[in-house]
There are 2 protein chains.
Amino acid sequence: MPTPAAFAATAALLGEPARAAMLQALLGGEALTAGELARIAGIGASAASAHLARLAEGGLVAVHRQGRHRYHRLASEEVAAALEMLGGLTLSVAPRRPWPHGEAFRAARLCYDHLAGRLGVALHAALAGRAWLRPAEGGWETSAEGEAGLAALGVDLAAARRARRLACDCMDWSERRPHLAGGLGREIAACCLRRGWVYRMATRGEDPLARRRLALSPEGARRLEAALDLRLEG
Amino acid sequence: MPTPAAFAATAALLGEPARAAMLQALLGGEALTAGELARIAGIGASAASAHLARLAEGGLVAVHRQGRHRYHRLASEEVAAALEMLGGLTLSVAPRRPWPHGEAFRAARLCYDHLAGRLGVALHAALAGRAWLRPAEGGWETSAEGEAGLAALGVDLAAARRARRLACDCMDWSERRPHLAGGLGREIAACCLRRGWVYRMATRGEDPLARRRLALSPEGARRLEAALDLRLEG
DNA sequence: GGCATGCTTCGCCGCTGCGCGGAGCGGCGC
DNA sequence: GCGCCGCTCCGCGCAGCGGCGAAGCATGCC
């Protein structure tokens with residue numbers, strides 16, 4: 001456990017409206033430029049630059065320069081998990097009027113780079129319940145059936161294994177049960193998006209939350225049910 | 001997902017050193033008076049009072065007056081889970097020099113009112129692995145064997161069922177796997193403490209973190225191994 | 001009743017830090 | 001080369017917040 005001072009320093013980075021807006025936008029998993037983030041946060045370029053410098057210094061975002069743009073993304077999935085958890089806490093301690101994205105968010109969304117919401121939780125339960133995954137040190141490992149099944153779905157297992165962790169739990173604030181994160185969570189999400197089984201409900205627009213909302217296509221529902229007996233009531 | 005402003009307001013409550021110190025102290029699960037918290041945070045009584053009022057207003061702590069004392073505790077286990085997760089994030093983004101409690105904290109500690117660390121994670125794995133628990137809506141439910149086994153250990157199942165949630169996961173920052181929270185998690189911890197199977201390594205002292213550290217007694221190790229085949233390398 | 005204790009309220013002060021505008025720097029395209 | 005664009009650095013002003021001490025209120029003890 002860190003010292004209170006170090007803990008507070010990290011929390012303070014999240015506790016400022018402009019930075020919070022930027023981080024929430026980055027939870028969509030896309031890398032965004034400083035200018036986009038400034039517009040999202042509703043502040044000028046210079047203020048945004050200072051905020052992003054502090055977030056990078058604090059290890060919460062990673063920067064990647066490309067030409068005259070600077071692309072920012074969350075530094076790790078720990079950051080994403082903490083943001084999700086704090087978002088859930090905020091909803092539970094400060095029950096506000098229903099937020100426009102609330103219900104749709106609960107069905108299916110991206111949590112940084114992996115699937116969350118009822119879809120993500122159901123997928124996690126199906127993978128563990130059918131023994132495609134089994135508990136391992138620090139998370140989960142794939143079983144033989146799991147490897148075969150995932151490969152048949154088109155998941156890039158080699159890419160998943162290159163991640164720092166193959167598979168681990170990420171707490172889902174809306175379902176209060178874990179969904180799958182780690183390299184495998186990322187690759188499953190990438191596979192579903194690539195094959196059109198799930199798709200973003202908005203690809204552009206100034207609202208950063210809208211881009212995180214996902215919908216399951218009929219094809220996707222069919223394939224997931226066939227492979228994993230996964231059924232969503234929605 | 002909350003609005004960025006609401007999210008930031010909650011995070012800002014955590015992002016102030018004095019408040020962070022108070023909240024970390026409350027993670028020990030004991031209710032503390034305003035005066036104790038002021039001393040822990042190293043500030044005067046009036047400043048502490050203002051901070052505690054804001055924490056209560058924000059829904060992070062609950063207050064219970066008893067005579068001329070005001071006892072404060074964390075408002076819910078969601079708060080505890082978020083604090084633990086942010087603590088883990090802080091350690092991972094700002095790897096500091098080893099903190100005196102670091103290693104001992106990883107072995108066994110209290111996370112608000114339930115067991116955490118290697119002990120907590122091993123217990124969770126043992127309960128699920130031996131099918132004393134099975135997945136349910138919003139967390140876990142007990143199986144018939146589980147109820148018999150837990151009752152034989154001396155866990156007060158009736159008290160556990162009175163909680164808002166019987167059993168759910170709480171992410172363990174040091175092990176990166178879930179341990180057991182909810183009413184059952186609380187009662188298991190209470191049972192182990194009551195029977196002397198685990199004990200606090202410090203019951204008094206100004207260091208709030210020291211009180212969270214737990215040790216497993218030889219008797220406790222024996223009983224848990226007999227009942228659940230639970231073995232800790234330590 | 002009288003006094004000590006625990007906590008809160010109030011008023012004040014000082015500082016941190018957020019935001020802006022302007023200038024500076026580097027990359028890109030005509 | 002020149003101009004445009006994205007981003008960063010500098011200096012300024014302002015506001016919010018955290019800290020303290022003194023006073024006020026409630027509770028408990030003798």
Side-chain angles (χ1 to χ4, degrees), chain A residues 3-26 30-58 60-73 204 206 208, chain B residues 3-26 30-58 60-73 204 206 208:
Chain A
T3 65
F7 178 97
T10 304
L13 287 175
L14 316 178
E16 203 278 332
R19 285 195 294 263
M22 293 177 172
L23 290 169
Q24 284 200 358
L26 292 175
E30 299 169 293
L32 300 174
T33 67
E36 289 174 301
L37 289 167
R39 254 169 282 127
I40 286 169
I43 57 178
S46 61
S49 178
H51 281 309
L52 290 167
R54 291 184 59 183
L55 290 173
E57 163 80 13
L60 297 185
V61 306
V63 194
H64 168 232
R65 55 187 313 164
Q66 185 175 323
R68 54 182 164 181
H69 297 282
R70 266 189 163 75
Y71 283 94
H72 299 261
R73 55 180 179 79
R204 281 296 136 192
E206 71 273 14
Chain B
T3 64
F7 177 98
T10 304
L13 287 176
L14 316 179
E16 202 278 332
R19 285 194 294 263
M22 294 178 171
L23 291 168
Q24 284 199 359
L26 293 174
E30 299 168 294
L32 301 174
T33 67
E36 290 175 301
L37 289 167
R39 253 169 284 127
I40 286 169
I43 57 178
S46 61
S49 178
H51 282 308
L52 289 168
R54 292 184 59 183
L55 289 173
E57 162 81 14
L60 297 186
V61 308
V63 193
H64 167 233
R65 55 187 312 165
Q66 184 175 323
R68 55 182 163 182
H69 296 281
R70 267 189 161 76
Y71 284 93
H72 299 260
R73 56 181 179 79
R204 281 298 134 191
E206 70 274 12

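In what follows, every chain begins at residue 1, and chains take the letters A, B, ... in the order their sequences are listed. Hydrogens, waters and symmetry mates are skipped; everything else that's a heavy atom, side chains included, is used.
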| said: Strictly below 4.0 Å: does Arg70(B) bring a side-chain N or O up to OP1 or OP2 of dT8(C)? | reply: yes
| request: For residues Ala48(B) and Ala34(B), report the shortest heavy-atom separation together with the two atoms involved. | output: CB-O, 4.4 Å
| field | Whole-Å distance separating the CZ atom of Arg39(B) from the P atom of dC7(C) | value | 8 Å
| task | Determine the contact category for Arg65(A): base if any of its heavy atoms lies under 4.0 Å from a base atom, sugar-phosphate if only primed atoms, P, OP1 or OP2 are that close, otherwise nothing. | result | nothing
Could you give the side-chain donor-acceptor pairs of residues 8-19 of chain B under 3.5 Å, partners two or more places apart or in another chain?
residue: Thr10(B); atom: OG1; partner: Thr90(A); partner atom: OG1; Å: 3.3
residue: Thr10(B); atom: OG1; partner: Ala6(B); partner atom: O; Å: 3.3
residue: Glu16(B); atom: OE1; partner: Ala18(B); partner atom: N; Å: 3.0
residue: Glu16(B); atom: OE1; partner: Arg19(B); partner atom: N; Å: 3.1
residue: Arg19(B); atom: NE; partner: Leu13(B); partner atom: O; Å: 2.8
residue: Arg19(B); atom: NH1; partner: His51(B); partner atom: ND1; Å: 3.0
residue: Arg19(B); atom: NH2; partner: Ala12(B); partner atom: O; Å: 3.1

| said: Quick check: closest heavy atoms across Ile40(A) and Ala25(A), and the distance to 0.1 Å? | reply: CD1-CB, 3.8 Å
| Counting any heavy atom closer than 4.0 Å, what does Ala34(A) reach on the DNA or RNA strands: base, sugar-phosphate only, or nothing? | sugar-phosphate
| task | Please report how far the helix from dG1(C)-dC30(D) to dC30(C)-dG1(D) bends, comparing the axis fitted to its first five pairs with the axis fitted to its last five, to the nearest 10 degrees. | result | 20°
| Which pair of heavy atoms, one from Ala38(B) and one from Ala45(B), lies closest together, and at what distance? | CB-CA, 4.4 Å
| query | Out of curiosity, Leu26(B) CG to Met22(B) CE, how far, rounded to the nearest 0.5 Å? | reply | 9.0 Å
| field | Rounded distance in Å - CG (Leu55(B)) to C1' (dC7(C)) | value | 16 Å
Each nucleotide N or O in nucleotides 1-5 of chain C that has a protein N or O under 3.5 Å away: list the pair and distance.
residue: dT5(C); atom: O4'; partner: Arg68(B); partner atom: NH1; Å: 3.4
residue: dT5(C); atom: O2; partner: Arg68(B); partner atom: NH1; Å: 3.0

| remark: On a heavy-atom basis, the closest approach of Phe7(A) and Ala20(B) is CD2-CB, 3.7 Å
Any N/O pairs under 3.5 Å between the protein and nucleotides 22-25 of chain C? List them or say none.
none

| Given atom CG of Leu52(B) and atom P of dT9(C), what is their separation to the nearest angstrom? | 12 Å
| said: At a heavy-atom distance below 4.0 Å, which nucleotide of DNA chain D is the first touched by chain A, and which is the last? | reply: dC4(D) to dC9(D)
| request: Identify, between Arg54(A) and Ala45(B), the residue whose nearest nucleotide on DNA chain C lies closer to the 5' end. | output: Ala45(B)
| message | Can you work out whether Gly35(B) or Gly42(A) has the more 5'-proximal nearest nucleotide on DNA chain C? | response | Gly35(B)
| task | Report the distance from atom NE2 of His72(B) to atom CG of Leu52(B), rounding to the nearest 0.5 Å. | result | 4.5 Å
| message | Show me the pairs that pass side-chain hydrogen bond (donor to acceptor under 3.5 Å, both in side chains) and involve residues 38-49 of chain A, at least two apart or across chains. | response | none
